[in-house]
Q: 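Encoded as structure tokens, here's the structure I'll be asking about.
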Amino acid sequence: MARNWFRPTGDAHPLLAALDKGIAVPTPVIVESVARIRRAHPDEPPALILARLEKRFLDTVTSSGAAVGAAAPIPAAGTGTALAAVGGETAFFMAAAALLTLSIAEVYGLPVEDVERRRTLVLAVALGDSGTMLVQRAMERFGNGWLTVLYPGQVPGTAVRVVNSALVRKFALKVGTKQGLVTLGKLAPMGIGAVVGAGGNRSLGHVLIRNARKAFGPPPANWPTPGPPAQRPV
């Protein structure tokens, strides 16, 4: 049976499982990913490196959406196979979205070692204003900004878990529906699926980028240390 990408099933939602794959990427991998771009462009400020991260994300998910959208409607593949292919690509999109969010946090110099706090960050950005406002309300007694949630010394883990439970419910209902519509479009015949797959993924990618820009605020003017690091200790 094909997965239901639109609603939670039991305790887990397949899109949440996909996000968790991106959230679980080891910190040194995220650090090195950003550092590699900085080494290639050593004179660029954080704002330009962020633009490169965004472009890489958009190009990746657009190509992925187009490829699956073109292949999924092939009659010989069968509906079940097509749905499985699209489902896998949707999971890829969500993992890429999580990785982009964590890479942006690295540019801002924010702590993202704790997996539960990573989940808060990624879900809040994916949800946009409704996500960040939910976290902001919960964090008011701990600090001034919603990003306070990333600091273990300021916000206890119990509070983070309560916030994440609320974010998961919002995510499954709101984001799952949006991705589900794109998933259906990718199954359209006669080459339409490729257009919907590429365009749908790119549109969702732009939404995520806008959410991230608003959530993180203006990029830092300068790097905290001179020159791109080869590797930061974890």
Side-chain angles (χ1 to χ4, degrees), residues 8 11-35 46-47 49-50 53-54 57 94-176 207-225 229 231-234:
D11 295 330
H13 190 290
L15 293 180
L16 289 169
L19 268 184
D20 276 349
K21 290 183 179 179
I23 291 170
V25 171
T27 300
V29 173
I30 297 168
V31 172
E32 177 57 23
S33 176
V34 174
I49 298 300
L50 286 170
L53 285 169
E54 292 170 353
F57 166 71
M94 301 310 297
L99 184 57
L100 172 67
T101 303
L102 295 174
S103 297
I104 292 172
E106 167 64 17
V107 172
Y108 278 72
L110 295 168
V112 289
E113 284 76 21
D114 182 87
V115 172
E116 199 67 31
R117 293 169 202 273
R118 283 185 175 194
R119 187 172 288 110
T120 308
L121 177 68
V122 171
L123 287 171
V125 170
L127 286 165
D129 288 344
S130 63
T132 53
M133 287 176 63
L134 188 155
V135 181
Q136 176 65 51
R137 287 194 296 269
M139 294 301 107
E140 283 176 353
R141 62 193 180 102
F142 299 110
N144 296 323
W146 77 276
L147 288 170
T148 306
V149 72
L150 296 177
Y151 294 87
Q154 297 186 39
V155 180
T158 51
V160 175
R161 287 189 287 273
V162 170
V163 170
N164 281 352
S165 294
L167 288 171
V168 164
R169 289 193 294 271
K170 272 185 172 290
F171 179 87
L173 292 172
K174 182 178 179 180
V175 180
V207 170
L208 183 85
I209 288 171
R210 287 197 298 271
N211 288 350
R213 288 176 179 177
K214 190 169 184 179
F216 285 100
N222 301 294
W223 297 102
T225 57
Q231 187 82 10
R232 189 183 66 191
V234 180

Q: Using modelled atom types only, decide if a donor and an acceptor are shared between the side chain of Tyr108 and the backbone of Pro46 within a distance under 3.5 Å.
A: no
Q: What's the separation between atom CD in Glu106 and atom CG in Leu53, rounded to the nearest 0.5 Å?
A: 10.0 Å
Q: Return yes if a side-chain donor-acceptor contact under 3.5 Å exists between Arg118 and Thr27, otherwise no.
A: yes
Q: Give, for atom CG of Leu150 and atom CD of Glu113, the distance between the pair rounded to the nearest 0.5 Å.
A: 10.0 Å
Q: Can you sort out the partners of Thr158 under side chain to side chain contact (heavy atoms under 4.5 Å, CB included), two or more places apart, ordered by chain and number?
A: Pro156, Arg161
Q: If you define the side chain from C-beta out and look only at heavy atoms, does anything of Pro26 sit under 4.5 Å from Val29?
A: yes
Q: Can you tell me how far the OG1 atom of Thr132 sits from the CG atom of Leu167, to the nearest 0.5 Å?
A: 9.5 Å
Q: Against Leu100, only a single residue in Val122, Ile209, Leu50 fulfils side-chain contact (heavy atoms from CB on, under 4.5 Å); can you say which?
A: Ile209
Q: Of all residues at least two apart in sequence or in a different chain, which pass the ring pair (Phe, Tyr, Trp, His ring centres under 6.0 Å) check with Tyr151?
A: none
Q: Whether the side chain of Arg117 engages the backbone of Val112 through a donor-acceptor N/O pair (distance < 3.5 Å, no angle test) should be reported.
A: no
Q: Name all residues meeting the side-chain hydrogen bond (donor to acceptor under 3.5 Å, both in side chains) criterion together with Glu116; count only those two or more places apart in sequence or in a different chain, and write none if there are none.
A: Arg119, Asn164
Q: Could you please spell out the steps behind the side-chain contact (heavy atoms from CB on, under 4.5 Å) verdict for Ile49 and Trp223?
A: CA-CA 11 Å; Ile49 298 300; Trp223 297 102; 3.4 Å; yes
Q: Quick one: pull up CE in Met133 and CG in Leu127 and give me the separation to the nearest 0.5 Å.
A: 12.5 Å
Q: Verify side-chain contact (heavy atoms from CB on, under 4.5 Å) between Leu121 and Leu147, making sure each step is shown before the conclusion.
A: CA-CA 8 Å; Leu121 177 68; Leu147 288 170; 3.9 Å; yes
Q: How far does CG of Leu99 sit from CZ of Phe57, to the nearest 0.5 angstrom?
A: 9.5 Å
Q: Answer yes or no: is there a donor N or O on one side and an acceptor on the other, between the side chain of Trp146 and the main chain of Ala215, under 3.5 Å?
A: yes
Q: Are Val155 and Val160 side-chain neighbours, meaning at least one heavy-atom pair lies under 4.5 Å?
A: yes
Q: Quick one: side chain to side chain contact (heavy atoms under 4.5 Å, CB included) partners of Asn211, sequence neighbours excluded?
A: Val125, Val207
Q: Output, in order, the C-alpha distance, side-chain angles, deciding distance and verdict of side-chain contact (heavy atoms from CB on, under 4.5 Å) for Val107 and Phe216.
A: CA-CA 11 Å; Val107 172; Phe216 285 100; over 6 Å; no
Q: What are the two closest non-hydrogen atoms of Ala212 and Ile104, and how far apart are they?
A: CB-CD1, 3.8 Å
Q: Looking at residues at least two apart in the chain, or sitting in another chain, which of them share a side chain to side chain contact (heavy atoms under 4.5 Å, CB included) with Ala166?
A: Leu134, Arg169
Q: Please list, chain by chain and in numerical order, all residues satisfying side-chain hydrogen bond (donor to acceptor under 3.5 Å, both in side chains) with Glu54, sequence neighbours excluded.
A: Arg213
